[in-house]
*Asks:* 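Input: one structure, supplied below.
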Amino acid sequence: KSSPSLSPRIVVDSEGRLDTFQSHSLYYPMSQFQMEDLKVLPCLSLFTEKDLEYIGEGLEIKNLRKNDTVFIESEPVRHIFIVKDGAVKLFKTSSEGRELIIRVMKEGDYFCCAAALSGERYFVNAVATEDSIIINLPVEIFKKRLFGGMNPLTMKLIKGLCNRIRYLSCIVEDLTFMNVEQRVGNLIMRIAAEAGADNEVELTLTHQEIASMVGTVREVVSRVMSKLKKEGVIIDSNIKGFRVSKSRLARFLKDLQAEL
């Protein structure tokens with residue numbers, strides 16, 4: 001039986017730039033795939049062949065050379081990935097270029113489910129560490145089939161769990177790349193953002209709780225909080241919590257980054 005013609009297609013984005021992700025993709029009819037490749041995703045393992053055929057619409061194989069970029073952090077989520085052969089590292093980088101490897105994905109591993117279900121952008125970088133083959137599953141088709149038969153409560157629970165994964169990723173990044181002042185400031189900013197849309201919000205957090213969240217001791221947090229109060233970031237405080245200005249905190253973090 002003859003093999004299909006495998007010619008990469010050249011694709012440009014809406015602004016006329018070369019879309020490197022799609023330009024190296026090779027397209028096959030669904031019959032060329034083993035259904036088992038999709039079943040490595042736990043949420044698809046019990047799907048029928050008909051369901052998998054539907055999900056397989058638009059499925060792509062991408063051949064990667066060593067050091068090829070799959071995607072970068074903050075790019076819009078377009079695909080969920082399965083490693084068919086080779087290895088892909090997931091990592092975060094600091095503003096100084098320091099690298100933290102989260103995990104190296106091997107044959108049969110899948111990644112970016114959490115990013116696809118919790119938000120619109122990837123929260124790590126992905127690069128091939130050797131010549132590799134990955135399967136790209138369009139996220140919109142995946143979500144449509146996965147959520148099609150779910151009730152709203154189940155969908156909300158899944159998205160909530162995925163948001164927790166994103167949050168833990170942020171904590172790992174903070175612990176690795178930031179000093180204590182930055183970690184405390186970023187933690188307060190994240191919690192303040194969840195507390196409401198107003199610029200000034202009341203947070204019920206003790207110094208000990210903050211210390212436990214950022215991986216330090218209460219005495220260090222107390223010194224940082226005193227500095228934030230002098231800078232006008234913390235407007236009022238008591239034994240149970242404090243009021244914080246988001247705009248002043250954002251400016252404080254920006255100035256702190258500039259000093260490093």
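For this chain, numbers begin at 1 and follow the sequence in order.
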*Asks:* So do V244 and I235 actually touch side chain to side chain, heavy atoms under 4.5 Å?
*Replies:*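 I235 vs V244: side chains apart.
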*Asks:* Considering all heavy atoms of both residues, which atom of V201 and which atom of G196 are nearest to each other, and what is their separation?
*Replies:*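 It is CG1-O, 4.4 Å.
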*Asks:* For the side chain of N199 and the backbone of S247, is there at least one donor-acceptor N/O pair under 3.5 Å apart?
*Replies:*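 Yes; at least one donor-acceptor contact below 3.5 Å.
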*Asks:* So V70 and V127, do their side chains get closer than 4.5 Å, heavy atoms only?
*Replies:*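 Of all side-chain heavy-atom pairs linking V70 with V127, none is under 4.5 Å.
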*Asks:* D68 side chain to L64 main-chain N or O, any donor-acceptor pair under 3.5 Å?
*Replies:*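 Absent.
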*Asks:* Where do E99 and K89 land on the salt bridge (Lys or Arg N to Asp or Glu O under 4.0 Å) test, with the steps shown first?
*Replies:* CA-CA 11 Å; E99 183 177 295; K89 69 175 178 180; 2.9 Å; yes
*Asks:* What's the verdict on side chain to side chain contact (heavy atoms under 4.5 Å, CB included) for L249 and I188, showing C-alpha distance, side-chain angles and the deciding distance?
*Replies:* CA-CA 9 Å; L249 178 56; I188 294 173; 3.8 Å; yes
*Asks:* Roughly how far, to the nearest 0.5 Å, is CD of E181 from CG of L228?
*Replies:*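 Result: 7.5 Å between the selected atoms.
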*Asks:* Under a 3.5 Å threshold, yes or no: a donor from one side chain and an acceptor from the other, between T129 and K66?
*Replies:*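 Looking only at side-chain atoms, K66 and T129 do not form any donor-acceptor pair under 3.5 Å.
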*Asks:* Passes side chain to side chain contact (heavy atoms under 4.5 Å, CB included), V224 versus K227? Steps please.
*Replies:* CA-CA 5 Å; V224 175; K227 182 176 181 178; 5.6 Å; no
*Asks:* Would you indicate whether the side-chain heavy atoms of V184 and M225 approach each other to under 4.5 Å?
*Replies:*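 Side-chain contact under 4.5 Å: yes.
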*Asks:* Under a 4.5 Å cut-off applied to non-hydrogen side-chain atoms, are D85 and K106 in contact?
*Replies:*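 In short, these two side chains do not touch, never coming nearer than 4.5 Å.
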*Asks:* Closer than 3.5 angstrom, by distance alone: can the side chain of Y122 be matched with the main-chain N or O of R78 as a donor-acceptor pair?
*Replies:*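 Flag set: sc Y122 to bb R78 pair under 3.5 Å.
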*Asks:* Treat each ILVMFWY residue as a node, draw an edge where side-chain heavy atoms are under 4.5 Å apart, and state whether V180 and L256 are in one component.
*Replies:*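 Same hydrophobic cluster.
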*Asks:* Among the clusters formed by ILVMFWY side chains lying less than 4.5 Å apart, do V83 and V104 turn up in the same one?
*Replies:*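 They do not share one cluster, since no chain of ILVMFWY contacts under 4.5 Å joins V83 to V104.
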*Asks:* Quick one: CD on E73 to CZ on F123, what's the gap to the nearest 0.5 Å?
*Replies:*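 Here the interatomic distance stands at 9.5 Å.
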*Asks:* Describe, in one word, how the ring planes of F111 and F71 are oriented to each other, choosing from parallel (under 30°), tilted (30 to 60°) and perpendicular (over 60°).
*Replies:*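 Because their plane-to-plane angle lies in the 30° to 60° range, the rings of F111 and F71 count as tilted.
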*Asks:* Are any non-hydrogen side-chain atoms of L253 and Q257 less than 4.5 angstrom apart?
*Replies:*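 A side-chain contact under 4.5 Å is absent here.
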*Asks:* I need the S237 OG to F242 CZ distance, nearest 0.5 Å.
*Replies:*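 Here the rounded value is 8.5 Å.
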*Asks:* About how many Å separate NZ of K84 and CD1 of I133, when rounded to the nearest 0.5 Å?
*Replies:*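 I133 atom CD1 to K84 atom NZ measures 8.0 Å (nearest 0.5 Å).
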*Asks:* When clusters are formed by joining ILVMFWY residues with side-chain heavy atoms under 4.5 Å apart, either directly or through shared neighbours, do V124 and F91 land in the same one?
*Replies:*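 Different hydrophobic clusters.
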*Asks:* Do N125 and T69 pass the side chain to side chain contact (heavy atoms under 4.5 Å, CB included) test, and can you show the C-alpha distance, the side-chain angles, and the key distance before you say yes or no?
*Replies:* CA-CA 8 Å; N125 306 281; T69 297; over 6 Å; no
*Asks:* Would you indicate whether the side-chain heavy atoms of L90 and I101 approach each other to under 4.5 Å?
*Replies:*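 Counting from C-beta outward, I101 and L90 never come under 4.5 Å.
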*Asks:* Enter the distance from I135:CD1 to I80:CD1 here, rounded to the nearest 0.5 Å.
*Replies:*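 If I round to the nearest 0.5 Å, the distance is 12.5 Å.
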*Asks:* Is the shortest side-chain heavy-atom distance between V88 and I134 below 4.5 Å?
*Replies:*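 Contact flag for V88/I134 side chains = yes.
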*Asks:* Given 3.5 Å as the limit, does a donor-acceptor pair link the side chain of E209 with the main chain of T206, or not?
*Replies:*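 The answer is yes, because a donor-acceptor pair under 3.5 Å joins these two groups.
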*Asks:* First locate atom CG of L205, then atom CE of M213, and finally report the distance between them rounded to the nearest 0.5 Å.
*Replies:*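 It is 5.5 Å, given to the nearest 0.5 Å.
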*Asks:* Minimum heavy-atom separation for A87 to S132, with atom names?
*Replies:*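 Reported closest heavy-atom pair: N-OG, 3.0 Å.
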*Asks:* Compare all side-chain heavy atoms of R183 with those of T216 and state whether any distance is below 4.5 angstrom.
*Replies:*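 They are in contact (side-chain heavy atoms under 4.5 Å apart), so the answer is yes.
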*Asks:* Under a 3.5 Å distance rule, please check whether N136 uses its side chain to pair with a backbone N or O of H79 as donor and acceptor.
*Replies:*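 Side chain of N136 to backbone of H79, a donor-acceptor pair under 3.5 Å: no, none is there.
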*Asks:* Strictly distance-based, threshold 3.5 Å: is any side-chain N or O of S222 a donor or acceptor partner for the main-chain N or O of R218?
*Replies:*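 Judged by distance alone, yes, a pair lies under 3.5 Å.
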*Asks:* Kindly say whether Q182 contributes a backbone atom to a donor-acceptor pair with the side chain of N179 at under 3.5 angstrom?
*Replies:*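 Flag set: sc N179 to bb Q182 pair under 3.5 Å.
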*Asks:* Looking at D174 and K92, does any basic side-chain N land under 4.0 Å from a carboxylate oxygen?
*Replies:*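 So D174 does not pair with K92 through a salt bridge.
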*Asks:* Passes side chain to side chain contact (heavy atoms under 4.5 Å, CB included), R248 versus I234? Steps please.
*Replies:* CA-CA 9 Å; R248 292 178 184 177; I234 293 176; over 6 Å; no
